[in-house]
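Okay, so here's the structure we're looking at.
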Amino acid sequence: MPELPEVETYTRYFTRHALDQKIARVDVRDERILGTLRKDAFARRLKGRSFVSARRHGKHLFADAGGVWLHLHFGMTGDLAYYREEAPRFARVVFDFDNGAHLAFEDMRLFGLVDLVDDPDAFIEESGLGPDPLTLRFAGFASLLERRRGAIKSLLMAQEIIAGLGNLYVDETLYQASIHPRRPVDSLSSKETRALYDTMRRILREAITRHARGADLPGNALYHHREEGERCPRCGGTIQRAVVFGRTTYFCGRHQR
DNA sequence: AGTACCACCTGACGGC
DNA sequence: TGCCGTCAGGTGGTAC
């Protein structure tokens with residue numbers, strides 16, 4: 001479930017485990033995961049270097065290898081594993097370090113991406129990614145909503161508008177802010193806009209904190225009740241299922257307006 | 001500008 | 001046990 005909180009967790013994991021070790025070998029096990037480079041060129045540019053830092057923007061992770069940056073996107077099933085013994089089943093790229101440890105990028109469905117970029121900021125700019133919600137001030141968030149129409153869910157899902165939320169955290173945010181996923185953006189009151197911003201950031205931060213302890217969202221989160229007909233733990237209403245912006249959407253038919 | 005639909009890829013799960 | 005349809009939390013392209 002790699003949305004912003006999960007990618008933040010991977011970034012911390014990368015920082016904790018994979019920095020300052022010389023890359024002895026790069027093993028591309030499935031070339032379909034690569035972006036702009038072929039296997040040999042990709043490996044050649046990283047071999048002999050070390051990762052010195054890692055950062056995140058939205059759902060994208062960047063790791064500085066000294067003059068070139070590793071760029072990871074986790075798609076729907078991407079993950080990282082640092083290990084010494086056995087590679088995970090769906091390892092697509094494995095970095096072998098000179099201390100005998102390995103870092104695997106795993107991705108069962110191959111929707112992820114492993115690539116190199118010269119400059120993450122330039123990449124963010126060129127690919128048209130919106131601001132990251134954790135560094136976005138309220139005024140900036142409010143201005144994203146100006147002169148826009150359509151369903152609030154569509155807007156929150158759009159990475160070129162705000163980068164990092166996916167289906168799960170959008171549903172969770174709207175649920176906890178008591179806003180219906182199809183609510184037209186231009187119908188939100190300033191109070192609702194404020195609630196949306198505060199709720200979104202609280203949920204993202206809370207998820208990151210809880211991931212660090214190996215936990216997921218609290219039991220009363222919509223996350224644990226994503227099934228049609230479930231009882232809403234907040235108001236006792238009934239959880240509904242719908243398709244919004246092409247994505248399966250769950251919401252409470254009673255308290256989300 | 002906003003939305004619907006398809007495609008990419010692989011596995012899990014339920015029904016028969 | 002095996003086959004088939006359906007679904008999955010992402011993104012990009014096309015068409016209206």
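Below, all heavy atoms of this structure are taken into account, side chains as well, without hydrogens, waters or symmetry copies. So you know, we letter chains A, B, ... as the sequences are listed, proteins then strands, and number each from 1.
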Contact under 4.0 Å: [X] side-chain N or O vs [N] OP1/OP2:
X: A:Lys153; N: B:dT3; answer: no
X: A:Arg148; N: B:dA1; answer: no
X: A:His73; N: C:dT11; answer: yes
X: A:Ser154; N: B:dT3; answer: yes

Identify the pairs formed between an N or O of the protein and an N or O of nucleotides 12-15 of chain C at a distance under 3.5 Å, and give each distance.
none

Under the side chain to side chain contact (heavy atoms under 4.5 Å, CB included) test, residues paired with A:Arg247 that sit two or more places apart: A:Lys153, A:Met157, A:Asn167
Taking side chain to side chain contact (heavy atoms under 4.5 Å, CB included) as the test, write out the residues that go with A:Arg49, two or more places apart. A:Ala65, A:Val68
With A:Ser53 via side chain to side chain donor-acceptor pair (under 3.5 Å) - residues at least two apart: none
Among all residues two or more places apart in sequence or in another chain, which pass the side chain to side chain donor-acceptor pair (under 3.5 Å) test with A:Arg226? A:Asp171
For atom [atom1] of [X] and atom [atom2] of [N], their distance in whole Å:
X: A:Glu227; N: B:dG14; atom1: CD; atom2: C1'; answer: 13 Å
X: A:Glu146; N: B:dA1; atom1: CD; atom2: C1'; answer: 16 Å
X: A:Tyr10; N: C:dG9; atom1: OH; atom2: C1'; answer: 11 Å
X: A:Glu6; N: C:dG10; atom1: CD; atom2: C1'; answer: 13 Å
X: A:Phe245; N: B:dA1; atom1: CZ; atom2: P; answer: 14 Å
X: A:Ile152; N: B:dT3; atom1: CD1; atom2: C1'; answer: 15 Å
X: A:Met76; N: B:dC8; atom1: CE; atom2: C1'; answer: 11 Å
X: A:Leu72; N: C:dG10; atom1: CG; atom2: P; answer: 17 Å

Going by number, which of residues 157-190 of chain A have a non-hydrogen atom under 4.0 Å from DNA chain B? none
Given the rule that I, L, V, M, F, W and Y join up when any side-chain heavy atoms are under 4.5 Å apart, are A:Ile124 and A:Leu116 in one cluster? no
Is [X] reaching over with its side chain to a backbone N or O of [Y], donor-acceptor style, under 3.5 angstrom?
X: A:Gln240; Y: A:Glu228; value: no
X: A:Glu3; Y: A:Gly166; value: yes
X: A:His211; Y: A:Ala215; value: yes
X: A:Glu172; Y: A:Tyr223; value: yes

Residues pairing under salt bridge (Lys or Arg N to Asp or Glu O under 4.0 Å) where one sits in residues 197-222 of chain A, two or more places apart or in two chains, turn out to be A:Arg194-A:Asp198, A:Arg202-A:Glu206
Can you tell me which residue pairs pass the salt bridge (Lys or Arg N to Asp or Glu O under 4.0 Å) test with a partner in residues 14-25 of chain A, sequence neighbours excluded? A:Arg25-A:Asp96
Picking from A:Asp118, A:Asp40, A:Asp115, what satisfies salt bridge (charged side-chain N to carboxylate O under 4.0 Å, His left out) with A:Arg45? A:Asp118
Please classify the nucleic acid contact of A:Arg247 as base, sugar-phosphate, or nothing, using heavy-atom distances under 4.0 Å. base
Mind checking if A:Thr77 touches a base, just sugar-phosphate, or nothing, with heavy atoms under 4.0 Å? nothing
Name the orientation class of the two ring planes belonging to A:Tyr197 and A:Phe138 (parallel below 30°, tilted from 30 to 60°, perpendicular beyond 60°). perpendicular
P-based separation of C:dC3 from B:dC9 [nearest Å]: 23 Å
For nucleotides 9-12 of chain B, print each protein N/O atom paired with a nucleotide N/O atom at under 3.5 Å, atom names and distance only.
residue: B:dC9; atom: O2; partner: A:Arg109; partner atom: NE; Å: 2.9
residue: B:dC9; atom: N3; partner: A:Arg109; partner atom: NH2; Å: 3.3
residue: B:dT10; atom: OP1; partner: A:Arg32; partner atom: NH1; Å: 3.3
residue: B:dT10; atom: OP1; partner: A:Arg32; partner atom: NH2; Å: 3.1

Pairs under 3.5 angstrom only: tabulate donor-acceptor contacts from the side chains of residues 250-257 of chain A to other protein residues two or more places apart or in another chain.
residue: A:Tyr250; atom: OH; partner: A:Arg241; partner atom: NH1; Å: 3.4
residue: A:Arg254; atom: NH1; partner: A:Cys235; partner atom: O; Å: 2.9
residue: A:His255; atom: NE2; partner: A:Tyr175; partner atom: O; Å: 3.0
residue: A:Gln256; atom: OE1; partner: A:Cys252; partner atom: N; Å: 2.7
residue: A:Gln256; atom: NE2; partner: A:Leu174; partner atom: O; Å: 3.3
residue: A:Gln256; atom: NE2; partner: A:Ile179; partner atom: O; Å: 2.9
residue: A:Arg257; atom: NE; partner: A:Arg254; partner atom: O; Å: 2.9
residue: A:Arg257; atom: NH2; partner: A:Gly253; partner atom: O; Å: 3.4
residue: A:Arg257; atom: NH2; partner: A:Arg254; partner atom: O; Å: 2.6

Could you write out DNA chain B as a dot-bracket string, with dots for unpaired bases, | for bases paired across to another strand, and Watson-Crick or G-U pairs counted at under 3.5 Å? .|||||||.|||||||
Give every residue pair that meets the side chain to side chain donor-acceptor pair (under 3.5 Å) criterion with at least one member in residues 67-77 of chain A, sequence neighbours excluded. A:His60-A:His71, A:Thr77-A:Asp107
